[in-house]
Amino acid sequence: MKKITIAIDGHSSCGKSTMAKDLAREIGYIYIDSGAMYRCCTLFALQQGLILPDGSIQTDELERRMPEIHVSFRLNAETGRPDTYLNDVCVEREIRTMEVSSHVSPIAALPFVRAAMTAQQQLMGREGGIVMDGRDIGTAVFPHAEMKVFVTASDEIRAQRRYDELVAKGEAADFQQVLENLRERDHIDSTRAVAPLRQADDALVLDNSHMTIPQQKQWLLDKFHEIAD
Ligand code: DC
């Protein structure tokens, strides 16, 4: 059976990656978290002092140094899930901190960052058999994907999920701050000039505000079989 391309887009913290990861594992496809790639660019910029204390970005220097950023994913045998590596160093934990979250949207809005990440993503998906989640996968990275899903949920529910995730990892978190960060990211992601977050015309829409994880998983699997079988 031909392996298809699956694009899962949507707002921050709506559970896209959990759904996408589970689906990929279930059907034996590769899973790529494209947000992790933008988070790696942000971590690199922070590590190299290219984001100043006032939040401004040294864009010329970052653009010059883009070829130094190599992102890869490797399966973690213990968790059964892929971990993100920046230049061969596992940064799975570092890229999920509030510090990275609060700088990632302006970095992801830079056209040269998007061009570099989009090219890498298209290379990763050239054979099909891939589930990729993000903001512009169904619109810009794989506009011809056979299956596109646009996931959404209310902002309070999404903030609660992100807050619970941070607390579970032992990170200091403040609900109001998490909610504000999420709204700000939604705004930047949806209004940027290059590849903004928007629903593809041919995407299936899933509002998972009141769905359990097993229900979402089943919904996605049913849609996959309808399209791919
Ligand atoms: O999915 P996430 O929260 O880990 O994504 C981090 C940021 O990266 C998010 O604010 C928007 C950006 N992003 C993007 O612009 N395009 C993508 N395909 C994926 C993420």
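Residues take their numbers from the sequence shown, with the count starting at 1. Atoms within each ligand, like the ligands themselves, are counted from 1 in listed order.
- Here His187 contributes atom NE2 and Leu182 contributes atom CG; the two are 14.0 Å apart, rounded to the nearest 0.5 Å.
- Using a 4.0 Å cut-off between charged nitrogen and carboxylate oxygen, Asp189 and Arg135 count as a salt-bridge pair.
- Counting only heavy atoms from C-beta outward, the side chains of Leu220 and Gln216 never approach each other to under 4.5 Å.
- Under 3.5 Å, the side chains of Arg158 and Ser13 contain no donor-acceptor pair of N or O atoms.
- In the model, Asp174 has no side-chain atom that pairs as donor or acceptor with a side-chain atom of Tyr163 under 3.5 Å.
- Every pair passing ring pair (Phe, Tyr, Trp, His ring centres under 6.0 Å) that includes a residue from residues 201-229 is listed here, sequence neighbours excluded: Tyr29-Phe224.
- Protein residues are said to neighbour a ligand when one of their heavy atoms lies under 4.0 Å from it; for ligand 1 these are Ser34, Gly35, Tyr38, Arg39, Val104, Ser105, Ala108, Arg114, Gly134, Arg135, Asp136, Ile137, Arg162, Arg185, Asp189, Arg192.
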